[in-house]
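Quick notes on the structure that follows.
Just so we're on the same page: letters track the sequence lines, and every chain starts at 1.
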Number of protein chains: 2
Amino acid sequence: MFLTTKGTAQRIIEAALQLISEKGYTAATTKTIAELAGVNEVTLFRHFGNKRGLLKAIIEQFSYYPLLQQEINQNVTWELEKDLLNFSLKHFHFLMSIKDFVMIGFKESIQFPEISEEIANIPLLIKKELIHYFQEMHQQGKIREVDFEAAALSLIALNFGHFMSRARLGTIVSDLPTEELLQTSVAIFSRGLVS
Amino acid sequence: MFLTTKGTAQRIIEAALQLISEKGYTAATTKTIAELAGVNEVTLFRHFGNKRGLLKAIIEQFSYYPLLQQEINQNVTWELEKDLLNFSLKHFHFLMSIKDFVMIGFKESIQFPEISEEIANIPLLIKKELIHYFQEMHQQGKIREVDFEAAALSLIALNFGHFMSRARLGTIVSDLPTEELLQTSVAIFSRGLVS
DNA sequence: CTTCCATGCAAGTAATTACTTACATCCTAG
DNA sequence: CTAGGATGTAAGTAATTACTTGCATGGAAG
């Protein structure tokens, strides 16, 4: 009973996540969502009341998603390139793992500002952590003095750009393996920071 | 007669561009588009046949948009940081100028693959130019040997990331002036490339 | 065995949406 | 002045959409 309930609701949420991220909120109809979830359309309304309730459930579910933030400070070696590559790989794969949600965030940011805030939290938290890291590295004399906020934002933009390119355009732009791309990317960036 | 015709169609296209980029293709109704254009809904259908025809007109209009590509090779000074900053500023403002179209491209890429192709052309062309530039700079002994494709993609991702952040999240993530941000961004990147 | 509870199924409803048709009006070019 | 093309207005239509209601079913817990 408990398992089935959770299973059904979860399947609906995942179907909605996929369809809304592909087609957008309006174009993803409750009928197609129910179909993809393998569930009767009425069941959807019984669980979430209305279509917006479904979106709300998606946002809620995401807000409990284990954030990247805590992981960043782990495995810090205070070797710039090594740390930044480690971070960038994590950042990239984190974005990929919540790809559907990110896409919804960008698609519906105007119609549903709540999602925008949730999405904007990611770079904000990461920015904070990165600035700390850069400041500490600077005090250790390992990187030169730059605007650390701008530097943090740049690394985030770099990873995000790679993510968007891969997530939406696939290999149209380039078929370089992600790891290779990120490695060169980080190599250049960290070399630009060292003293 | 000619002026009025072109004026009406153009106003409809611009209204559609704005609304579709904000709400997505399905949520932007022909009624609201006509209203925003200050035109009767029937006029819209008389000009473009159906709603898809309107989208097609948008794509067509964009395909004639003066591409950034040609401008890149102009004003090249063969001073790395200066050139890259010049390029990045142009790249950023170019993306901003076609912001609505880029947003449509990312929102409707699955439902309308034609747009994806059009959008993917931008980084592809820029990548080509940047690779040439890097190769030449390398031969001049001004930058070290790296994977030039990965380097080009990284600079593009960097600028695109900054663009997306500003275009969709505004100043939530940071209120640093764009010029300052890009300057630091490029300073780090070009320093990472010099021999 | 029975009693819920989640779900399926059938049918329907009010609103909206893309699109059409027919007719009136206006502006401009010849 | 007039004829034609572009636009507005009014009305309507078929399809779709979010959402509801009532009833049947099936499986698990007591």
For B/Glu35 and D/dG8, give me the distance from atom CD to atom P, rounded to whole Å.
13 Å

Does B/Thr43 have a side-chain nitrogen or oxygen under 4.0 Å from the phosphate oxygens OP1 or OP2 of D/dG8?
yes

Could you pull out all residues at least two apart from B/Ala150 that satisfy side chain to side chain contact (heavy atoms under 4.5 Å, CB included)?
A/Leu176, A/Leu181, A/Thr184, B/Asp147

Applying ring pair (Phe, Tyr, Trp, His ring centres under 6.0 Å) as the test, list every pair that has at least one member in residues 161-195 of chain A; sequence neighbours left out.
A/Phe160-A/Phe163

Could you pull out all residues at least two apart from A/Glu35 that satisfy side chain to side chain contact (heavy atoms under 4.5 Å, CB included)?
A/Lys31

Are the side chains of B/Thr29 and B/Ile33 in contact, using a 4.5 Å heavy-atom criterion?
no

For a quick test of your reading: what N or O donor-acceptor pairs under 3.5 Å do the side chains of residues 112-125 of chain B make, sequence neighbours left out?
none

Whole angstrom is fine here: how far is it from CD1 in B/Ile12 over to C1' in D/dT7?
10 Å

B/Thr8 vs D/dT7: side-chain N/O to OP1/OP2 distance below 4.0 Å:
yes

Phosphate OP1/OP2 of C/dA6 contacted by A/His47 side-chain N/O (<4.0 Å)
no

Just jot down the side chain to side chain contact (heavy atoms under 4.5 Å, CB included) partners of B/Lys142, sequence neighbours excluded, or say none.
B/Trp78, B/Met137, B/Gln140

Reading nucleotides 9-20 of chain C 5' to 3', which nucleotides get B (base under 4.0 Å from a protein heavy atom), which S (sugar-phosphate only), which -?
BB------SSBB

